[in-house]
Undergrad: 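Would you mind keeping the following structure in view while I ask a few things?
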Amino acid sequence: MRNLSKAYNPKEVEGRIYKLWEKSGFFNPDKLPGKRKKTYTIVIPPPNITGELHMGHALNAIIQDVLIRWKRLQGFKTLWLPGTDHAGIAAQNILEKELKKEGKTRFDLGREKFIERTWKWMERYGNIILEQFKKLGSSCDWSRARFTLDRDYSKAVRHAFLHYYKKGWLYKGKRVINWCPRCQTSLSDLELEYKKERGKLWYIRYPLKRQGAKGKRQKYITVATTRPETMLGDQAIAVNPKDKRYKNLVGKKTILPLTTREIPIITDPLVDPKFGTGAVKVTPAHDLKDYEISLRHKLPILQVINEKGEITKEAPSSYQGLSSFEARQKVVEDLKNLSLLEKIEDYSHQIPSCYRCETIIELIPSEQWFLKMEKLAKIAKIPVKEGKIKFQPKNFEKSYLDWLANIRDWCISRQIWWGHRIPLKGETDVLDTWFSSALWPFATLGWPPAPKGRAKISDLDRFYPTDVLSTDRGIINLWVVRMIFSGMEFVKKVPFRRVYIHPTVLTREGKRMSKSLGTGVDPINLIEKYGADATRFGIVYQIMGGQDIKFIEDNIIMGKKFCNKIWNASRFLLMQKPPLIDADLVRRSTLKNKNLTSADKKILKVLHKTIKSVNTDLDNFRFGQAAHKIYDFFWHDFCDTYIEISKKQMTKEEKKENTREILLYVLLNSLKLLHPFVPFITEEIYQKLPMKRKKKSLMIEEWPK
RNA sequence: GGGCGAGUAGCUCAAUGGUUAGAGUACGUGCUUUACACGCACGGGGUUAUAGGUUCGAAUCCUAUCUCGCCCACCA
């Protein structure tokens with residue numbers, strides 16, 4: 001047992017140790033030994049079933065596992081609840097791509113068959129990502145794993161919808177909304193991604209209607225637009241009421257080029273006189289600002305672009321059926337021929353695209369369900385303002401509150417098939433995926449609760465509110481906000497006390513890691529190459545104060561070397577003869593009463609200083625600092641200094657026993673300190689330590705004080 | 001357009017107004033020292049982005065500028 005190989009071999013260890021942990025049951029809070037009165041809960045941000053583990057997932061899994069293992073060692077009843085998200089649009093897209101290879105669309109299959117097929121796909125691929133979490137050493141309670149389309153979860157979603165419905169916070173109506181012509185669904189404002197486009201600004205002359213007067217009169221008014229094709233749906237031209245240049249034109253009519261329609265020139269404060277010519281075409285059906293203007297002026301809404309992104313029958317016949325892009329070209333060409341195109345300027349701006357398929361979105365009028373946000377936004381602000389939910393880093397609280405300050409109603413219906421159906425008769429749409437993920441922290445714990453008197457103490461009673469939510473800053477508004485108001489509204493308690501916004505892992509050059517650009521680093525490859533512990537330590541080591549991590553493999557190499565150091569220091573200890581020391585007797589208190597050398601005293605002192613400061617660091621999410629301190633302590637104080645001195649001390653008979661005890665004491669406590677960061681190797685060594693009454697696993701040892 | 005963050009050794013990062021600005025890595029020179037060459041002992045390498053200012057004292061605080069990154073935004 002005591003013979004360890006010269007170099008640490010993670011491949012030989014990791015699979016075996018993970019099985020040992022799973023078999024122990026200690027991932028499950030109900031199976032943890034001891035009293036453990038206090039709970040500590042983290043609910044995982046559920047990865048999409050379509051996802052593969054990327055560096056962001058890995059980083060967050062490591063962070064959560066460090067916290068959970070640390071608290072478990074500290075004697076908490078720890079629950080790290082895992083699960084996956086059905087990822088409505090993203091999953092549907094994957095299935096549609098599969099179908100496309102067979103030359104089919106989802107409509108060829110029909111709703112029922114399509115969903116059936118998605119479930120089959122889900123059974124096969126949906127849990128891959130959770131298996132990858134296991135490779136990292138994640139100590140999740142897999143027996144409590146949840147999926148957002150589980151039966152119970154679906155019940156929770158229906159319950160939530162009906163709750164809002166009864167409260168009158170849900171309404172259905174025709175509004176101008178974001179529409180993805182490829183996914184064939186509405187999207188909320190948060191589901192857009194803005195892309196830079198080097199486009200054009202077209203200056204178009206709208207002829208003024210003759211009013212019989214003679215003399216030299218202005219013959220037209222010029223507007224600037226980035227989307228000339230939408231002019232087919234124009235209902236007015238608007239200028240700023242304070243704009244003197246157009247004073248004499250207000251109230252007059254122009255003839256909409258390419259059509260025979262007459263449209264008025266109106267004033268509206270939304271128009272910026274400094275942009276373009278100061279006159280703007282108003283297309284209520286295909287622009288949000290124009291829609292708003294149209295409500296004020298009671299303008300009709302003429303939809304000239306349909307759900308497929310094609311020109312409708314409302315437009316002149318020569319444009320009907322063209323894609324909006326084709327229509328743009330034709331409109332420009334026709335205007336040119338009519339000498340109504342004054343000039344064209346280069347203009348680069350940001351255009352919205354679908355966050356799932358990158359198709360440029362259209363704004364179209366559509367009948368959708370909306371959730372009123374006024375009250376919910378207020379509810380969401382309270383716990384953050386009152387400090388009941390604390391963000392780390394704190395500055396994210398500001399952007400959280402700012403965003404809530406001017407929020408619009410949430411369009412929650414989607415015209416896809418994979419998801420939760422709207423629970424009302426005659427409704428065929430499904431709910432926004434984020435509507436269901438908003439319930440995640442409590443729906444996973446058994447909300448809505450069973451009728452009173454039925455159940456004993458439920459998971460919801462025991463583990464809610466959760467302690468920490470660790471997540472990416474990119475989904476603060478998309479997800480965190482919505483969990484907070486949902487938790488407050490449905491459970492009347494905050495869903496989590498602290499929100500840790502973890503750093504973003506960037507490439508060495510400081511660019512975003514992206515699979516499509518080939519700039520991503522696959523954490524599974526790192527585990528293969530260096531081992532899970534090395535990967536974990538190397539990544540944690542880089543989580544310092546700043547918000548971003550520029551990933552370099554050097555740090556993983558450092559992690560690997562460090563693991564080897566831990567391994568060999570342990571090997572040295574185990575090689576000492578006589579080998580069997582009753583480690584159970586090794587207590588700090590007993591050590592105090594012995595004749596200790598100054599080296600002995602020093603290493604004990606530094607060890608306890610390190611423990612204290614690691615606790616403080618972890619309490620404050622200073623993962624990198626904690627890792628650095630443990631590293632320095634173990635390598636320099638313990639190995640370089642104390643182990644070297646111990647070799648001399650052990651040659652002296654009177655110091656031999658003390659020294660051995662201290663070596664083991666320091667090693668054992670180091671293993672505990674190291675365990676949250678490098679769980680596999682520390683467990684493996686622990687299992688080999690010559691101790692009486694040893695625990696089944698290092699996981700349930702006592703954290704040193 | 002608004003907000004936030006960063007810029008320190010070749011690279012990735014520390015240093016929370018106070019000795020000579022430190023680690024890892026890379027580089028150079030020695031070492032088969034009773035665990036570890038994935039190691040040990042040394043060494044070179046810095047105008048702390050730039051320009052001002054506050055202070056006995058500034059990488060750190062203030063102002064401006066430059067560069068990079070992120071979030072938010074219905075200038076058509």
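Small disclaimer: the values here were computed from a predicted structure and weren't measured. Here is how names work: the chains are called A, B, and so on, in the same order as the sequence lines, proteins then strands, and each is numbered from 1.
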Undergrad: Please pick, from B:G24, B:A14, B:A76, the nucleotide with the shortest atom-to-atom distance to any side-chain atom of A:Met544.
TA: B:A14
Undergrad: For B:U32, which nucleotide in any strand shown is its Watson-Crick or wobble partner with both distances under 3.5 Å?
TA: none
Undergrad: Between the base of B:A35 and the side chain of A:Glu644, is there a donor and acceptor pair under 3.5 angstrom?
TA: yes
Undergrad: Give the rounded distance in Å between these two atoms: CE of A:Met231 and C1' of B:A76.
TA: 14 Å
Undergrad: Figure out the CG/C1' separation between A:Asn555 and B:U12, and round it to whole Å.
TA: 6 Å
Undergrad: Using every non-hydrogen atom in the two residues, find where A:Arg512 and A:Thr507 come nearest and quote the distance to one decimal.
TA: O-CG2, 4.1 Å
Undergrad: With a 4.0 Å cut-off on heavy atoms, is A:Asn395 in touch with a base, just the backbone sugar-phosphate, or nothing at all?
TA: sugar-phosphate
Undergrad: Using atom P in both nucleotides, what's the gap between B:G17 and B:C61 to the nearest angstrom?
TA: 8 Å
Undergrad: Starting at OH of A:Tyr203 and ending at C1' of B:A76, how long is that distance when rounded to a whole Å?
TA: 11 Å
Undergrad: What interatomic distance, in whole Å, is found between C1' of B:A59 and the corresponding atom of B:A6?
TA: 14 Å
Undergrad: Base, sugar-phosphate or nothing for A:Phe537? Non-hydrogen atoms, less than 4.0 Å.
TA: nothing
Undergrad: Is A:Glu397 paired with A:Lys385 through a side-chain N to carboxylate O contact shorter than 4.0 Å?
TA: no
Undergrad: Could you run down nucleotides 67-74 of chain B 5' to 3' and tag each one B, S or - for protein heavy-atom contact under 4.0 Å?
TA: --SS-SBB
Undergrad: Counting any heavy atom closer than 4.0 Å, what does A:Lys274 reach on the DNA or RNA strands: base, sugar-phosphate only, or nothing?
TA: nothing
Undergrad: Separation of A:Ile501 atom CD1 from B:C4 atom P, in whole Å?
TA: 18 Å
Undergrad: Does A:Lys656 come within less than 4.0 Å of A:Glu661, counting only side-chain N to carboxylate O?
TA: no
Undergrad: Please measure how far the P atom in B:U50 lies from the corresponding atom in B:G10, and state the result in whole Å.
TA: 14 Å
Undergrad: Write down the atom of A:Asn620, the atom of A:Arg498, and the distance for their closest heavy-atom approach.
TA: CA-NH2, 4.3 Å
Undergrad: Does the side chain of A:Trp635 get closer than 4.0 angstrom to OP1 or OP2 of B:A35 through an N or O atom?
TA: no
Undergrad: Does the structure place the NZ or CZ of A:Lys565 under 6.0 Å from the centre of the six-membered ring of A:Tyr631, at an angle of no more than 45° from the ring's axis?
TA: no
Undergrad: Both distances under 3.5 Å, Watson-Crick or G-U wobble: report the partner of B:G22, or none.
TA: B:C13
Undergrad: Any base atoms under 4.0 Å from A:Asn564, or only sugar-phosphate, or nothing? Heavy atoms, all strands.
TA: base
Undergrad: Could you check A:Thr230, A:Asp290, A:Asp287 and say which one makes a side-chain hydrogen bond (donor to acceptor under 3.5 Å, both in side chains) with A:Lys281?
TA: A:Thr230
Undergrad: Could you please name the partner base of B:C68, counting Watson-Crick and G-U wobble pairs only when both distances are under 3.5 Å?
TA: B:G5
Undergrad: Just to confirm, is there a sub-4.0 Å distance from OP1 or OP2 of B:A14 to any side-chain nitrogen or oxygen of A:Tyr541?
TA: no
Undergrad: With rounding to whole Å, what would you report as the distance between B:A9 and B:G46 at their C1' atoms?
TA: 6 Å
Undergrad: Taking the six-membered ring for Trp, are A:Tyr220 and A:Tyr206 closer than 6.0 Å centroid to centroid?
TA: no
Undergrad: Does any donor-acceptor pair link the side chain of A:Lys565 with the base of B:C36 at a separation under 3.5 Å?
TA: yes
Undergrad: Please measure how far the C1' atom in B:C36 lies from the corresponding atom in B:A41, and state the result in whole Å.
TA: 15 Å
Undergrad: Pairing donors with acceptors under 3.5 angstrom, does anything connect the side chains of A:Glu191 and A:Tyr355?
TA: yes
Undergrad: Provide, to the nearest angstrom, the distance between the CZ atom belonging to A:Phe396 and the C1' atom belonging to B:G3.
TA: 12 Å
Undergrad: State the pairing partner of B:C27; accept Watson-Crick or G-U wobble contacts with both distances under 3.5 Å, and report none otherwise.
TA: B:G43
Undergrad: CG of A:Asp632 versus P of B:A15: gap in Å, rounded?
TA: 13 Å
Undergrad: On RNA chain B, check which nucleotide each of A:Lys398 and A:Ile557 is closest to and give me the residue with the more 5' one.
TA: A:Lys398
Undergrad: For A:Tyr8 and for A:Lys647, find the nucleotide of RNA chain B with the closest heavy atom, then tell me which residue's nucleotide is more 5'.
TA: A:Lys647
Undergrad: Taking the side chain of A:Arg571 as its heavy atoms from C-beta onward, which of B:C36, B:U12, B:A76 lies nearest to it?
TA: B:C36
Undergrad: For the residue pair A:Thr597 and A:Gln649, confirm or rule out a side-chain donor-acceptor distance under 3.5 Å.
TA: yes
Undergrad: By the 4.0 Å heavy-atom rule, please label A:His349 as base, sugar-phosphate, or nothing.
TA: sugar-phosphate
Undergrad: Roughly how many Å apart are B:G24 and B:U8, using the C1' atom of each and rounding to a whole number?
TA: 15 Å
Undergrad: Could you work out the separation of B:A21 and B:G39 based on their P atoms and round it to a whole Å?
TA: 28 Å
Undergrad: Applying a 4.0 Å non-hydrogen cut-off, can you work out what A:Cys563 is touching in the nucleic acid: base, sugar-phosphate, or nothing?
TA: nothing
Undergrad: The side chain of A:Ala7 lies closest to which of these nucleotides: B:G24, B:C38, B:C36?
TA: B:C38
Undergrad: Which whole number of Å gives the distance between the C1' atom of B:G7 and that of B:A49?
TA: 6 Å
Undergrad: Within the structure, does a side-chain N or O atom of A:Lys561 lie under 4.0 Å from either OP1 or OP2 of B:A37?
TA: no
Undergrad: Nearest whole Å is fine: how far is B:C4 P from A:Asp402 CG?
TA: 10 Å
Undergrad: Please say whether the positively charged group of A:Lys343, taken as NZ for Lys or CZ for Arg, lies over the ring of A:Tyr203, i.e. under 6.0 angstrom from the six-membered ring centre and within 45 degrees of the axis.
TA: yes
Undergrad: Between A:Trp202 and A:Arg328, is there a cation-pi geometry (under 6.0 Å to ring centre, at most 45° from the normal)?
TA: no
Undergrad: Taking the minimum atom-to-atom distance to the side chain of A:Ile552, which one of B:G24, B:A76, B:A35 wins?
TA: B:G24
Undergrad: If I take atom CD1 in residue A:Ile293 and atom P in nucleotide B:C75, what distance separates them, rounded to the nearest angstrom?
TA: 13 Å
Undergrad: Should B:G52 form a Watson-Crick or G-U wobble pair with both distances under 3.5 Å, which nucleotide is its partner?
TA: B:C62
Undergrad: Looking only at the side chain of A:Arg508 (C-beta and beyond, no hydrogens), which of the listed nucleotides B:G24, B:C11, B:A76 gets closest?
TA: B:C11
